[in-house]
Amino acid sequence: MTDDQAERKELLSFAVAGGGFTGVEMVGELIEWLDEYSKEYNIPRDEIEIYNFEGLDQILPNLSDELVKKASNYMRKKGVNVKTGEFVDKIEENKLILNDGLEVKARTIIWTCGVEAADFAANSGLATSRANRIKVNKYLQTESYSNVYAIGDNAAAPWNNDQILPALVESAQQTGECAAKNIIADIKGGSKEELEANLHGVMVSVGSSYAVAEVMGLSLTGIPAMFMKHSVNMFYRFEIGGLKETYSLITDYMKEQASHKGLLPSLFGFVSETSRSLWLVLLRVFVGIMWLYEGYTKVRDGWLQSGDYLVSGASSSPIGDYAVGWYVWLNEAIIFKFPLFFQTVVTLSMIGIGLSLIFGLFASLGALGSAGFSVNFLLAGQYAHWSSDWPGHFSPLFWFFFASIALIGSGRSFGLDYYVLPWLKSKIWSRPKDKDQDLQKVVKK
């Protein structure tokens with residue numbers, strides 16, 4: 001190994017000390033970030049080292065053995081070195097030293113071991129238990145002062161006989177609600193309520209594409225677990241936002257999640273981008289159905305079999321009472337000489353435009369085609385225009401034309417363009433970067 005390779009390997013070594021919820025979720029974030037880093041700077045992914053240290057015999061001690069095994073296997077498949085059963089004895093510059101004396105070099109070290117209350121709680125003068133959590137009774141009153149309450153991670157709230165309520169989001173919510181009711185009872189002279197914590201489960205995300213969860217007796221992994229976690233997060237925003245702020249809070253959450261990789265983030269991005277343009281979806285599908293039906297009727301009537309529908313004198317001839325002069329000449333000089341060919345083009349184009357708009361696939365081309373056909377029919381004079389015979393009357397094709405213009409770019413709203421166009425852009429318009437130069441800059445830093 002050259003000196004440059006050794007320096008690069010040391011630079012790209014990461015150690016997360018702690019195999020609890022925070023440590024595992026941090027590892028998940030690193031996995032995704034380093035995948036992008038590897039592609040951007042042309043660094044082999046197997047040269048990037050990630051360690052996760054847990055002093056206990058397994059990570060995520062609050063979960064079942066089955067879920068712990070699945071989470072561990074997922075992390076290992078992603079190249080994470082999961083080390084259990086050895087505590088970190090000390091940390092020195094760019095390395096960790098374990099209890100057994102093993103030294104692990106890492107340029108970036110993230111410490112997530114242990115859960116302690118905030119320093120404020122430890123220094124408040126109130127009686128505390130382990131991890132500096134303030135001792136409280138079943139009403140969440142502190143032992144030192146009955147008119148002082150402690151909630152959330154700062155409180156050692158009694159739970160399940162001799163246990164302490166775990167530091168979870170649900171714990172914080174329920175202790176907060178209980179304390180608020182009891183404070184009101186103090187003020188108004190009412191009866192206090194005992195804390196009756198009802199925890200529904202535990203969810204841990206290992207990045208944005210994988211999660212494990214135990215919720216209401218169900219063990220979930222992968223996409224179902226991620227979906228459950230996001231659902232809980234959005235429900236929480238509904239609780240704090242109410243009817244007035246819920247829409248903006250959930251939309252902002254979906255946009256934030258859409259910045260990650262994976263199936264669910266893609267769906268969040270899909271929904272967040274469509275939420276403000278739903279009316280365009282309805283218009284796009286309606287116009288698409290109109291064109292698809294027009295194409296269907298022409299297939300049904302035999303436009304693909306006999307070339308006698310567009311010729312002069314036919315009932316379906318493109319020349320109407322209000323046709324523009326040069327348009328008439330163009331039809332007589334070209335279209336009438338190859339009627340079956342142009343009938344086929346018109347029929348298949350209508351079907352293609354209809355499918356494009358309905359499914360939102362290359363919808364901009366479909367919208368332009370729709371607008372083009374509308375202009376074509378207007379030039380052909382097939383519908384009544386404003387004239388002395390029709391005072392104040394305009395052809396409905398004008399509405400159809402402007403509706404088509406409005407649909408340009410609408411395929412990203414509940415359409416396949418949301419997925420197809422970025423993929424095509426990455427394949428066709430991507431430009432190679434000077435990755436070697438960028439890499440040298442990173443290594444020097």
Side-chain angles (χ1 to χ4, degrees), residues 14-27 29-30 52-56 59-62 86-99 106 108-190 192-199 202-205 233 236-237 239-240:
F14 297 81
V16 177
F21 296 160
T22 305
V24 170
E25 291 186 340
M26 181 63 67
V27 169
E29 294 292 331
L30 283 174
N52 183 215
F53 298 100
E54 169 57 53
L56 301 178
I59 61 172
L60 303 174
N62 291 336
E86 287 292 339
F87 289 94
V88 176
D89 186 52
K90 69 171 69 172
I91 297 178
E92 297 181 356
E93 185 176 1
N94 298 332
K95 68 178 179 181
L96 299 91
I97 302 176
L98 306 182
N99 277 353
T108 302
I109 300 172
I110 303 173
W111 184 267
T112 65
C113 291
V115 178
E116 287 193 355
D119 290 340
F120 170 81
N123 300 326
S124 64
L126 300 171
T128 59
S129 65
R130 62 183 178 86
N132 295 332
R133 299 176 74 175
I134 299 171
K135 293 181 179 181
V136 295
N137 60 18
K138 58 186 178 182
Y139 303 111
L140 298 175
Q141 296 168 299
T142 62
E143 288 189 356
S144 305
Y145 301 94
S146 62
N147 62 337
V148 177
Y149 292 77
I151 63 173
D153 295 358
N154 290 324
W159 181 63
N160 280 359
N161 299 323
D162 297 331
Q163 298 184 45
I164 293 177
L165 196 63
L168 300 172
V169 173
E170 275 196 305
S171 303
Q173 285 183 284
Q174 294 178 26
T175 54
E177 291 175 4
C178 180
K181 291 177 181 178
N182 289 336
I183 291 172
I184 294 174
D186 275 341
I187 296 172
K188 295 184 175 181
K192 296 184 178 63
E193 293 185 7
E194 295 183 9
L195 174 65
E196 296 181 358
N198 181 24
L199 304 183
V202 178
M203 295 167 286
V204 183
S205 59
N233 289 343
Y236 170 71
R237 282 161 174 75
E239 286 189 311
I240 64 175

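These numbers were taken from a predicted model, which means no experiment stands behind them. For the numbers below, each heavy atom of this structure counts, side chains included, while hydrogens, waters and symmetry mates do not.
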Assess, by modelled atom type and distance only, whether the side chains of N137 and Y149 contain a donor and an acceptor separated by less than 3.5 Å.
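Not at all, the side chains of N137 and Y149 share no donor-acceptor pair under 3.5 Å.
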Grab the two heavy atoms, one from [X] and one from [Y], that are nearest each other, plus how far apart they are.
X    : Y    : answer
A117 : N154 : CB-OD1, 3.5 Å
I151 : G176 : CD1-CA, 3.8 Å
A15  : A106 : CB-CB, 3.8 Å
Q141 : K192 : NE2-CE, 3.4 Å
A150 : V136 : CB-CG1, 3.7 Å
L140 : A179 : CD1-N, 3.8 Å

Q) Run the side-chain contact (heavy atoms from CB on, under 4.5 Å) check on V204 and N62 step by step: do they pass? A) CA-CA 11 Å; V204 183; N62 291 336; over 6 Å; no
With the side chain counted from C-beta on, respond yes when [X] and [Y] share a heavy-atom pair under 4.5 Å apart, and no when they do not.
X    : Y    : result
F14  : I110 : no
L96  : F53  : yes
D89  : L98  : no
L168 : F21  : yes
S129 : I164 : yes
V16  : L30  : yes

Check: Is a donor on one side and an acceptor on the other found under 3.5 Å between the side chain of T128 and the backbone of A122?
Finding: no
Between the main-chain N or O of V27 and the side-chain N or O of N52, is there a donor-acceptor pair closer than 3.5 Å? no
Residues at least two apart in sequence or cross-chain that pass side chain to side chain donor-acceptor pair (under 3.5 Å) with K135, listed by chain then number, are none
Roughly how far, to the nearest 0.5 Å, is the [atom2] atom of [Y] from the [atom1] atom of [X]?
X    : Y    : atom1 : atom2 : answer
L56  : F87  : CG    : CZ    : 5.0 Å
T175 : D153 : OG1   : CG    : 8.5 Å
Q173 : L199 : CD    : CG    : 10.5 Å
N147 : T142 : CG    : OG1   : 7.5 Å
S205 : E29  : OG    : CD    : 7.0 Å
E54  : T112 : CD    : OG1   : 8.5 Å

Quiz item: Going through the checks in order, is the side-chain contact (heavy atoms from CB on, under 4.5 Å) test met by L195 and Y139?
Solution: CA-CA 6 Å; L195 174 65; Y139 303 111; over 6 Å; no
request  = Check the pair C113 / V88 against side-chain contact (heavy atoms from CB on, under 4.5 Å), numbers first and verdict last.
outcome  = CA-CA 9 Å; C113 291; V88 176; 5.5 Å; no
Could you check whether atom CG of N198 has more than 12 heavy atoms from other residues, nucleotides or ligands sitting under 6.0 Å from it?
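Check passes, neighbour count above 12.
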Hits for side chain to side chain contact (heavy atoms under 4.5 Å, CB included) against Q163, two or more places apart or cross-chain, chain-then-number order -> W159, N160
- prompt: Hey, mind stepping through E193 and N182 against side-chain contact (heavy atoms from CB on, under 4.5 Å) and telling me if it holds?
  reply: CA-CA 6 Å; E193 293 185 7; N182 289 336; 3.9 Å; yes
Taken in chain and number order and not counting sequence neighbours, the residues that satisfy salt bridge (Lys or Arg N to Asp or Glu O under 4.0 Å) with E86 are none
